[in-house]
4 protein chains.
Amino acid sequence: MAASEIPSLSKVGADCKPGRGRPRSEHSHEAILDAVLRLLEAEGYDALTIEGVARQAGVGKQTIYRWWKCKAELVLEAYANHAASKTPVPDRGSLRADLEAFLGVAFKRLTDISGPIMRGLMADAVHDDEFREVLVSAFVAKRHDALRQIFQRGMERGEVDLAADIDLACELILGPLWYRLLLQQGKLDARFARQLTTALLAIVCVRADSSCERIEPVAVRA
Amino acid sequence: MAASEIPSLSKVGADCKPGRGRPRSEHSHEAILDAVLRLLEAEGYDALTIEGVARQAGVGKQTIYRWWKCKAELVLEAYANHAASKTPVPDRGSLRADLEAFLGVAFKRLTDISGPIMRGLMADAVHDDEFREVLVSAFVAKRHDALRQIFQRGMERGEVDLAADIDLACELILGPLWYRLLLQQGKLDARFARQLTTALLAIVCVRADSSCERIEPVAVRA
Amino acid sequence: MAASEIPSLSKVGADCKPGRGRPRSEHSHEAILDAVLRLLEAEGYDALTIEGVARQAGVGKQTIYRWWKCKAELVLEAYANHAASKTPVPDRGSLRADLEAFLGVAFKRLTDISGPIMRGLMADAVHDDEFREVLVSAFVAKRHDALRQIFQRGMERGEVDLAADIDLACELILGPLWYRLLLQQGKLDARFARQLTTALLAIVCVRADSSCERIEPVAVRA
Amino acid sequence: MAASEIPSLSKVGADCKPGRGRPRSEHSHEAILDAVLRLLEAEGYDALTIEGVARQAGVGKQTIYRWWKCKAELVLEAYANHAASKTPVPDRGSLRADLEAFLGVAFKRLTDISGPIMRGLMADAVHDDEFREVLVSAFVAKRHDALRQIFQRGMERGEVDLAADIDLACELILGPLWYRLLLQQGKLDARFARQLTTALLAIVCVRADSSCERIEPVAVRA
DNA sequence: AAGTAAACGAGACGGTACGTCCTGTCTTCTT
DNA sequence: AAGAAGACAGGACGTACCGTCTCGTTTACTT
């Protein structure tokens, strides 16, 4: 996905008419996003304030409010620009391998850096419907689509039952993922990735033949 | 469930020594919880403030802070007292029936009343570690245990593979449940209950025999 | 009074060199002054803002700042153009009659329309030295001169003592006038006009003869 | 006038019920008024802001807003407490002497210190009706009354005509005083004090006898 | 009965951030 | 050049809650 595809979440959809008036200051734009990242790292999501960002960026508060609706959108753009949803989803030959690879990367990122940020964004999405839509369409949906692509590939390979409900399968992965992330009950580690993968294979794989069994006989069993 | 089972989350564990000084005013206690419920209904979780509760209850702010750490704990107690997590989990004869019944009740409540409240509590749990523990042990864990019990029963019936990871199975249900609840993407309806149930059966049920197939041939498939 | 006599307070003294570049837009000029009058009437002096005028006039802010230094100057010009300080000061035959006529007209205008505006201008003059000079020379001084003329006429008629300090007399009229206007303590009505007139006659009139007494026996006495 | 008579202009009339709740912090009260005086001196009336006072006093903004309606009331109290309207008005034997003494003191103070403050207060009084009332009753009226007292004494001495309108006389003094103060046109000096005094004597003094003439033959004449 | 001690209502306190408004300047394209 | 448009840094506004604090007032259980 080219960088230019996510040029800006700010003023979503407002594809800057070339029109009249002073054009948006790219310098301020960057200073703001920089400040956000710096403050996120230094103080954490909860301690981040619009006022603090303005101060740190040397920018008027209005300049922030002009382009973003709330702190969450600001963080989302800063973070998206930064770790710009690199979702390669390379073909590793089998559904199991693809899933484990996908989860491995996702878990890694959530454990290392973006975990606290994603938790903060999700919390804000809960009490701001407008932002929730943005978060879903700009972030969550992309992960869902990446997963979808993986299952689709599995289907093409003949691993996945043609009648399987792929969207449900995605939810069965993303749900537990967020559950652990938000409640901090249980690690997002390789073991969990393997467990989830195995469980999902048990659900979506073609039955009566050995395609699943072949890979691992007894799915989620300890 | 006897009232004494959830005597009070306030000042958790502080089982009111009979000691000296004026005893806690039960009148104020009730007035506060009443006010919380009234305000929750009238204005919603986000608009609820400690100050507002004190005002509505005709109570000093200190009296609230004396017994509860934050608004989330306050709401949790008010709500727990109210719709006091009655989770009977009656035996309906089969794992499928038990699961669907459980999810039916849970979805109903979340859709009708408690959805917004649970979402608010979860959001607060995200940025308050202390409360998160409370929420988990006082609420989430109970649901998990109820599910656990259902799967256990299935195991005793011979429906569930003895080697199945029941805790993982619980997460595979509660995860998607919260996922839909928090992101408001997709309904918590009977269809979803059936889909989840079927998927879980595919995972935990004994293989090579037809115990699963018998109930519904191709699990999550459309 | 011809329009050319108060051609513009804007860019005071800068009598638009015919020079190069686009000439000043008379259309914008008028739109701005119109907007000022409309807003003054609708919202009052205090609520008037440069930004609001620009919006209302469909004009860039810069176009206002290019020609006026502050909102007060803008208002002064709009108002001066409008009720263009028509001070005929016709000779009514006696000092008393002239003074009462002058005050009558002045009070009428201040009571009907221009009171709030003049109060606003005066308030601004207090914290803006530059504008204060403008206000004095463009407005206050004119009133002073008109009064001066009246007293002068009285002197020529022999009513006023040749040694009287006419400027002081003017202050003794304008001072109380503004005092009542600004503090809104006491009306600017015919009675006050008569009282002021009588008091001033007592001060400036030729003594020992009956020129004053003739007109009204006991000056300011109830 | 005892200091205790002007204990506080804040929350005017709210004579602090001894009642319930934490009592007002006298420490904060003083810190605020101190800060006001310090900032007034350092930066001037116009540069004074509620925010700045709060910062300087080490006090929450709300604590200021709780007791004062606006910056003007704050300044008025600070200033009143400080130079607490010491208006002795001692009897100097004659109306002329009393008036000149009164004006001398007033002019001195306005020239030295309080001039800019009084101008600022007056400007604010213009666009805040509520404060205007306060300013009038807490300050202007007192000056008026002091003058009234002087004229009254003159009346008792037989200097002032029993039918003279004393209130009008007061306006004829205070009007020109404020006029010069606000417009900064002409000094508030001994000469002006003498001129005003002489003019007033011409108005209110008993005619036909020489009580006025005796003091100075030709009143306001140059 | 007097004393002690905690809980209570009230509400003031120092803080912090909010989101809005306006100022005066600037930068662009258009006329 | 002047103009319309509108973004920019800055700064104060007045509000809302936070969590803490200090009052005077109950309301028990000691002594």
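Chain identifiers are assigned alphabetically (A, B, ...) following the order of the sequence lines, protein sequences preceding nucleic acid strands; residue numbering begins at 1 within each chain. Note that the structure is predicted; figures quoted are calculated from it, not measured.
One finds the CZ atom of D:F131 at 10.5 Å from the NZ atom of D:K71 (value rounded to the nearest 0.5 Å). We find the CG-OH distance between A:L74 and A:Y79 to be 15.0 Å, quoted to the nearest 0.5 Å.
Take B:D124 and apply the side-chain hydrogen bond (donor to acceptor under 3.5 Å, both in side chains) test, not counting sequence neighbours, and it matches B:Y45. With sequence neighbours excluded, the residues that form a side chain to side chain contact (heavy atoms under 4.5 Å, CB included) with C:V126 are D:R119, D:A123, D:L182. Checked against side-chain hydrogen bond (donor to acceptor under 3.5 Å, both in side chains), B:S28 has the following partners two or more places apart in sequence or in another chain: B:S25. The side chain to side chain contact (heavy atoms under 4.5 Å, CB included) test applied to B:E30 returns B:E26, not counting sequence neighbours. The side chain to side chain contact (heavy atoms under 4.5 Å, CB included) test applied to C:E41 returns no partner, not counting sequence neighbours. Applying the side chain to side chain contact (heavy atoms under 4.5 Å, CB included) rule to B:E130 yields the partners B:K69, B:D128; only residues at least two apart in sequence or on another chain are considered. With sequence neighbours excluded, no residue satisfies side-chain hydrogen bond (donor to acceptor under 3.5 Å, both in side chains) with C:Q62.
Counting to the nearest Å, the P atom of F:dG19 and the CD atom of B:E73 are 12 Å from each other. Remark: C1' of E:dA12 and CH2 of D:W67 are 7 Å apart, rounded to the nearest angstrom. Going from atom CH2 of B:W68 over to atom C1' of F:dT20 covers 18 Å, rounded to whole Å. Rounded to a whole Å, the CZ atom of A:R66 is 14 Å from the P atom of E:dC22. One atom, CG of A:L74, and another, C1' of E:dG19, lie 15 Å apart when rounded to the nearest Å. What separates CD1 of B:I64 from C1' of F:dC18 is a distance of 13 Å, to the nearest Å. Taking atom OH of residue C:Y65 and atom P of nucleotide F:dC8, one finds them 18 Å apart after rounding to whole Å.
The base of E:dG19 lies close enough to the side chain of A:K61 for a donor and an acceptor atom to sit less than 3.5 Å apart. Applying the 3.5 Å distance criterion, the base of F:dA16 shares a donor-acceptor pair with the side chain of D:Q62.
Applying the side chain to side chain donor-acceptor pair (under 3.5 Å) rule to pairs touching residues 49-58 of chain A yields A:E51-A:K61, sequence neighbours excluded.
Shown for residues 42-55 of chain A: residues whose heavy atoms fall under 4.0 angstrom of DNA chain E, namely A:T49, A:I50, A:E51. Contacts between residues 119-133 of chain C and DNA chain F, counted as heavy-atom distances below 4.0 Å, involve no residue at all.
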Every protein N/O within reach of nucleotides 26-28 of chain F N/O, cut-off under 3.5 Å:
{"unit_1": "F:dT26", "atom_1": "O2", "unit_2": "B:R22", "atom_2": "NH1", "d": "2.9"}

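Across every non-hydrogen atom of A:A57 and A:A31, the tightest pair is CB-O, 3.5 Å.
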